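From a predicted model like this one, the values you see are computed outputs, not experimental measurements. Nothing fancy with the numbering, it's 1 onward along the sequence.
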Amino acid sequence: MTDKVLTVCPYCGSGCQLHLLVDKGQVIGAEPADGRTNEGTLCLKGHYGWDFLNDPQILTSRLRKPLIRKNGVMEEVEWEEAIQYTAERLLAIKEKYGPDSIMGTGSARGPGNEANYVMQKFMRAVIGTNNIDHCARVCHGPSVAGLTYSLGDGAMSNSIPEIEHSDLVFVFGYNAPETHPIVARRIVAAKQKGAKIIVCDPRMTETARISDLWLPLKGGSNMALVNAFGHVLVHEELYDKRYIEAHTEGFAEYVDSIKKYTPEYAEGITGVKAADIRAAMREYAKAPTATILYGMGVCQFSQAVDVVKGLASLALLTGNLGKPNVGIGPVRGQNNVQGSCDMGALPNVYPGYQDVTDTAVRKKFEKAWGVELPRKKGYSLTEVPHLILKENKLKAYYIFGEDPVQSDPNAAELREALDKMEFIVVQDIFMNKTALHADVILPSTSWGEHDGVYSSADRGFQRIRKAVEPQGDVKPDWAIISEVATAMGYPMSYANTEEIWDEMRSLCPLFAGASYQKMEVQGGVQWPCPTEDHPGTPYLYKGNQFSTPSGKGRLFACEWRPPQEQPDAKYPLVLSTVREVGHYSVRTMTGNCRALRQLSDEPGFIQISPEDGADLNILDGEIVAISSRRGRIMARAQISDRVQQGATYMTYHWWVGACNELTADFLDPVSKTPELKYCAIRLERIADQAQAERDVHESYQRIRRQMNVQEAVLADKVTR
């Protein structure tokens, strides 16, 4: 008899509920459930992304046993030895260099909120540092900073189901059909109900194809375009004067900042026709309800926080906040990147977005955790290479459920930094490129093998449930971290994830009423949920009461700054990283699912325009060489008429076509998010295509051998 286990999809922030089908202790399929956001539908990854649980070893094998590097090679050990060794090394480094010499990560993927809560508590209470961060830093870090400044909360203002009831959906730098297919379904439904769709994106995305107005702006010109939008709203008097007077501040300064950004002036920077800029804002302003959705096309630039503030200002100018079917939506990418932020896996806030520099807040956590806590903000994830190579400040790195060598920019520099560190712990479910640098590898359970809570992109807490027993000598992430803490002299013991959850919510007013029981009854709970009798909050800022210090929304505009690296004669093209519908994150999960693997394979693709293809004599499907000022890789050319001349696009999850060998690590000064959407590259045709195919195959097989734990010996640290 097949059992059905209700859980939440592990692949994006949509928070879709599904049933895992289990037969004889093995997952054999998935069916959609009637969740709040997906309502009986699933995308490709939801339907077929469970197969990695069965360890088909397509890319690499599941980690089954703790490993310690001894004499240059990794050897399997028992848990007691691995925990003790990890604890002793961390204690020694803390004693010698101080707690701030140690960095830790949270994980926005499968572990769940409880494991992230335990990890940030470990770094703060046991190590004694606020050096805790995670992959939100390379995606929606600007959303947290920008929206918190403008509105008071760094999350989606309204819920995903509301999108289809909006009269206008304004999509900026966000490709929903590739990243969040279930959200894309809501956009299509909105259009079917009569909504206008406006899209700002350099590429002709699937959403742009169905849009009423497509604004194909040049990469890196976001701030100029957003300023021009504001200029139209103000100078054509399309803004809501009463709303501005009653509920916002900074209007005079805003007007002064956007003064020169006429649509004609912005056209010279953005390439978007002045008439289209005006048309977009006239439609946006007259819509009874309007929703802004944005993604990495906003966040992964070195001026990202400014643009987020600017987009929030458009909603404030038109009064599109504080009621149903409106607002601004940073649609979070990974399944639990919202939750990892909620749980305080960030260097500046405790769980519940409580400032680490606030004395009263710190004392509350000190009383609960029974230890003095650090007083200054910690380091950000993207600062790690500089802190190691330039400042010599970091000596140890506890990497939990992340693969920064694959996912972060300027991979060569990051590898160099990791090799300079004295001690690296990697805690994960699969081998990955980062684990090749580890001194200790701690194998954990996966989604489907443990219980917990995820946060969807629209602030929704939902239960994840154990469906099968894990294979091998592995443990839940929260249990591993607790054992390391205990071995370091700080006893940490929990009976289950609910006990962790209850401790967390006792310290977090935003989440205090979101109990497991309430999630069971309601199917989920959207925060804020301050009390046991509170049902949760579908939309924020009811009554136009913002969470800013003054209670008012803050308007913002500033000068446009061009991206920090520009093309030249040697590197004449621009590369932007993008997503692909069939794969997720660093591909260790989806790449080990047989059905999803059929969609695409190594070395991945680089999308180029027909004009650039003709100029370089490159044919569709050929292997090409791609170089930047940081590295060189190979990928397969994909000629696409959806791409503007001079622009190229790659996904970051391929091993051979690893575009983060090329990307630059220029950072937004506020959020420290890298400019992954803009770097200069050179594209070259390879004459001998047969040899190029062999080179790709050999490179792929070499990396697979390094990753394969079953072959007993992992590569020495110097072999990359």
Side-chain angles (χ1 to χ4, degrees), residues 8 15 17 35-37 112-114 116-118 120-121 144 147-148 151-162 321-324 327 332 336 338-346 349-356 358-369 451-465 494-553:
V8 179
Q17 292 192 5
R36 175 179 60 84
T37 59
N113 283 340
E114 294 84 352
N116 279 284
Y117 173 82
V118 171
Q120 63 82 34
K121 179 180 178 181
V144 176
L147 294 181
T148 298
L151 308 175
D153 292 290
M156 288 184 74
S157 67
N158 290 59
S159 62
I160 289 171
E162 292 175 55
L321 288 160
K323 58 186 179 181
R332 294 300 189 101
N336 201 41
Q338 180 66 55
S340 304
C341 293
D342 293 346
M343 295 301 107
L346 296 167
V349 291
Y350 295 113
Y353 304 97
Q354 300 173 83
D355 196 329
V356 298
D358 185 307
T359 301
V361 168
R362 187 179 66 252
K363 288 185 179 299
K364 176 178 69 171
F365 280 91
E366 286 178 339
K367 182 179 179 181
W369 294 346
D451 296 318
V453 173
Y454 286 165
S455 300
S456 59
D458 61 354
R459 301 171 282 104
F461 293 137
Q462 298 181 105
R463 288 291 315 281
I464 58 171
R465 295 173 177 85
Y494 297 100
N496 51 47
T497 55
E498 186 173 11
E499 189 174 310
I500 301 168
W501 186 256
D502 287 344
E503 176 182 311
M504 180 281 301
R505 64 191 184 96
S506 74
L507 294 165
C508 300
L510 277 177
F511 314 146
S515 65
Y516 268 32
Q517 182 181 6
K518 187 179 293 184
M519 286 181 240
E520 293 285 353
V521 172
Q522 296 185 182
V525 180
Q526 288 178 272
W527 64 259
C529 182
T531 61
E532 294 288 349
D533 59 353
H534 194 289
T537 308
Y539 63 89
L540 300 174
Y541 317 124
K542 187 175 183 179
N544 298 300
Q545 291 297 307
F546 296 97
S547 307
T548 57
S550 67
K552 293 186 175 185

Matching residue for Gln462 among Gln17, Gln522, Arg36, Gln526 - test: side-chain hydrogen bond (donor to acceptor under 3.5 Å, both in side chains):
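Passing option: Gln17.
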Any sub-3.5 Å donor-acceptor pair from [X]'s side-chain atoms to [Y]'s backbone N or O?
| X | Y | result |
| --- | --- | --- |
| Gln354 | Pro351 | yes |
| Trp501 | Ala514 | yes |
| Ser340 | Ala345 | no |
| Asp533 | Gly513 | no |
| Tyr353 | Asp342 | yes |

Counting heavy atoms not belonging to Gln517, are there more than 12 under 6.0 Å from its CD?
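Counting other residues, nucleotides and ligands, CD of Gln517 stays at 12 neighbours or fewer.
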Kindly check if the number of other-residue, nucleotide or ligand heavy atoms within 6.0 Å of NZ (Lys363) is above 12?
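Not buried by this count: 12 neighbours or fewer within 6.0 Å.
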I need the [X] [atom1] to [Y] [atom2] distance, nearest 0.5 Å.
| X | Y | atom1 | atom2 | value |
| --- | --- | --- | --- | --- |
| Lys364 | Asp358 | NZ | CG | 9.0 Å |
| Arg463 | Glu520 | CZ | CD | 5.5 Å |
| Tyr117 | Ile500 | OH | CD1 | 9.0 Å |

Measure across [X] and [Y] and return the closest heavy-atom pair with its distance rounded to 0.1 Å.
| X | Y | value |
| --- | --- | --- |
| Glu114 | Thr497 | CG-O, 3.4 Å |
| Gly15 | Ser456 | CA-CB, 3.9 Å |
| Glu532 | Ala512 | OE2-O, 4.2 Å |
| Ser515 | Arg505 | CB-NH2, 3.4 Å |
| Ser157 | Gly327 | OG-CA, 3.2 Å |
| Lys323 | Glu162 | O-OE1, 4.3 Å |

Trace of the side-chain contact (heavy atoms from CB on, under 4.5 Å) decision for Gln338 with Trp527:
CA-CA 11 Å; Gln338 180 66 55; Trp527 64 259; 3.7 Å; yes
Less than 4.5 Å apart, side chain to side chain, heavy atoms only: is that true for [X] and [Y]?
| X | Y | value |
| --- | --- | --- |
| Val521 | Lys518 | no |
| Ser455 | Asn336 | yes |
| Met519 | Tyr516 | yes |
| Asp458 | Pro538 | no |
| Trp369 | Leu507 | yes |

Is a salt bridge present between Arg459 and Asp153, judged by a nitrogen-to-oxygen distance below 4.0 Å?
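The answer is no: the pair does not qualify as a salt bridge.
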Evaluate the criterion side-chain contact (heavy atoms from CB on, under 4.5 Å) for residue pair Leu151 and Leu540; output intermediate values, then yes/no.
CA-CA 10 Å; Leu151 308 175; Leu540 300 174; over 6 Å; no
Which residues pass the salt bridge (Lys or Arg N to Asp or Glu O under 4.0 Å) test with Glu503, not counting sequence neighbours?
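Residues passing salt bridge (Lys or Arg N to Asp or Glu O under 4.0 Å) with Glu503: Lys121.
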Please name all residues satisfying ring pair (Phe, Tyr, Trp, His ring centres under 6.0 Å) with Tyr541, sequence neighbours left out, ordered by chain then number.
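Counting only residues at least two positions away or on another chain, Tyr541 forms a ring pair (Phe, Tyr, Trp, His ring centres under 6.0 Å) with Phe546.
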Exercise: do Asp355 and Tyr350 side chains pair donor with acceptor under 3.5 Å
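No pair is found: no donor N or O on one side chain lies under 3.5 Å from an acceptor on the other.
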